[in-house]
Amino acid sequence: MAGSDEVNRNESKMVVPLNTWVLISNFKLAYNLLRRPDGTFNRELAEFLERKVPANTIPVNGVFSFDIIDKTTGLLNRIYMLAPEDEAQFGIVDLEKPLSTTDIVPVIIFFHGGSFTHSSANSAIYDTFCRRLAGTCRAVVVSVNYRRSPEHRYPCAYDDGWNALKWVSTRRWLQSGKDGKVYVYLSGDSSGGNIAHHVAVRASKSDTEVLGNILLHPMFGGQERTESERRLDGKYFVTIQDRDWYWRAFLPEGENRDHPACNPFGPRGESLEGIKFPRSLVIVAGLDLMQDWQLSYVEGLRNSGKQVKLLFLKQATIGFYFLPNSEHFYSLMEEIDEFVNSNC
Amino acid sequence: MGPFDGGSSSSSSGSCAGKSPEIDGLLAGAGYKVRSSELSQVAQRLERLENVMVNASNEISQVASDVVHYNPSDLANWVDSMLAELTHPQYPPSDLQNFPHHDSWTDQIGNQQNQNLNHNQQLTMVSTMMDEEDSGIRLVHMLMSCAELMQRGDFSLVASMIQEMQVLLIRVNTRCGIGKVAGYFIDALSRRLFSPSSAVCGSDSALENEILYHNFYEACPYLKFAHFTANQAILEAFNGYDFVHVIDFNLMHGLQWPALIQALALRPGGPPLLRLTGIGPPSPDGRDTLREIGLRLAELARSVNVRFVFRGVVASRLEDVKPWMLQVHSKEAVAINSIMQLHKLLYMDPGRASAMDTVLSWIRSLNPRIITVVEQEADHNQPEFLDRFTEALYYYSTMFDSLEACGLQPEKSLAEIYIQREICNVLCCEGSSRVERHEPLIKWRTRLSESGFKPVHLGSNAFKQASMLLTLFSAEGYCVEEKEGCLTLGWHSRPLIAASAWQAVPDEPTRKRDREGDLSI
């Protein structure tokens, strides 16, 4: 298969900028080293290789960050906020005052990607992304450090997400607007998008209000092999084989990919009809082999009568948003900005 | 640029003060330091790494656990180290610990504490580390990768890698340490690639070779150790004999012999009659160099009252020498002295009789009292190029490192040229022109034992005196070791030269054996 691998790599090199290609290829290869065939994961090496950054209360590009420990999991969640005008106020967060009493400031809970296994809230790539997100949308971003597989399988990540949502919803200092409530959005890329969906489902069954879901090439799947998986296998950084590994690592042992966590609108999925599910913005990368599942997800939402906007970026690969060096990146930012600030 | 300029190229969570302008700003924000100019090379190597990983898919997770991972932010270096590890796992990067100057490199690299540093500090530290030492390590990894490509016949890639290495060499101090060695190796690879058939390393001038040899003799203790140890063994073997005959396989300037002549002069009971037969290549300019050296040695012998006869035997190659040329008399005790000559006989020309067998057999026929053999302690005769290359890299790095201790000029520079020519021959030449076919002591032991020789222990006296010799050199780092009756001299626990002594095992049981076993006084 060596010949076709050559072709595969040349194709991916032609559609992404070189530094993006280097970045994502590096992840791909490093991750290959970490996944063991027996389903275990080399966590120590992963942590060593992971590029992490500390929070920084000195604003960069008008955004500063700080970490908070989630008492349930002991994990650090990172908050990104717009810096106050007054330099003397840098680094001071008043935990009694709301963000604003006049304007609405969206609070976007972000679940980082990594196929449930990799990355953290303080990974350099996600720190940078969240910072940009906060700056662009003039929002607060709460990046959640959920527990990862294979050490912590389903439903740990969803539980952590749900706890984060409850926590955010009940912070006075995240309230805004005349109503004095927290304007919460759930978002995530890859596995983070999957988590956002399931947390939203859980929220809809309780009183917690979620104003919108933003799913950036969310990670869904199923037993069936779809056309996009077969067509794009190995071509743009991702293989069916590695997807299978991650699902095996996340889902309960013995389960297959039609488990509702993986396939929410599949044969074992739960209907969303009649429940108050937030409106969604789903972004699909046209060169992502998972797109058929993502498009089915959008279908599924629509069929359940839920409001969903699809942003299909034909020539985008996974991870297109890590570096702001393409049209896709800017389209994405515009869409999200509009989504959280349109005050509908 | 889009409407989000404020959040683009220089975005990172720390201040950007520590970065140099050529670093890709976006990748820096993702925690990776890559020079923009090197992006495509890094991309190429990522592709190579992927190929290699596909082929090694069963072991990669194990290899990944075992290997030492250098600073992952230095992406180019990390990729290179993974490549080197996966393509040549017998020399895992952890063996780089044995590299000269390892203390300063490995202390700073791959330190988990990096993780806890503030991003600012991390970037700054990375940028100071992206200096000589990192470049040095990268050079080593690149050299190994390039050698592997050479072995595989991937010549266009070799050519482009050579260029890259030459660029990297600019960032490294080439006046000492890894930079100097790397420079020579890049040069050797280049020579091998571009002029394989005519790869002449150095010149045919005997005079030039002798000058370089003499400077190598002066600049570091290896040859002195060789001469000294051999002379000890010869002296002891000659005990009780009135007529002695030394056959030197490569006379050069006869540097070894004044000491023996003087020692014989001081022998209790008086000196024997010493015959010296010196073998050497023809002198091109009509001079009879051998005779000139012989005359000088005769002069010295006369001054200390040692009866001395010299004879020169001209031969371009050792296998051209016939025993009758040596005119050995039956009553004399014969010593055969081979300082770094035997390995030249190792080339096996398929159409002809083995040169080694021929020479070893006439050595036996002379029934010598002692045969002193000194050889480079290295495995430079392996069939696979990559194996030779890797071995040579370690061997000569160590040797160059030891040479740093020498302050004498021009001896040091000329000694380096001498060594460089050796490197060139090991790496660039093939077939009969590759004469530097060094093999380690363990292989010589086997070969000589199987050819009808038995080892003679060099004895504790020789060891003590060799160690004392070393104290004459200010450089700490040289060490003498004794291994099963043989002595080695090395630098920091890596033996570089090995001295041993032998006797012929008699064929018939009736033949009288004068002496056996330990030669200790």
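Model, not experiment: these values are computed from the prediction. Lettering follows sequence order; numbering is per chain, from 1.
- With 3.5 Å as the limit, one finds a donor-acceptor pair spanning the side chains of A:Asn19 and B:Asp24.
- Looking at A:Phe27, the atoms closer than 4.5 Å to chain B (heavy atoms on both sides) all sit in the side chain, from C-beta outward.
- The parts of B:Leu39 that come within reach of chain A are both its backbone and its side chain, each placing non-hydrogen atoms under 4.5 angstrom from that chain.
- Side-chain contact, A:Asn26 with B:Tyr32: a donor N or O sits under 3.5 Å from an acceptor N or O.
- Only the side chain of A:Asn42 comes within less than 4.5 Å of a heavy atom of chain B; its backbone N, CA, C and O stay farther away.
- A ring-centre distance under 6.0 Å is found for A:His118 and A:Tyr31.
- Counting heavy atoms from C-beta outward, B:Leu168 and B:Arg138 have side chains that approach closer than 4.5 Å.
- Proximity to chain B (any heavy atom under 4.5 Å) is shown, for A:Leu29, by both the backbone and the side chain.
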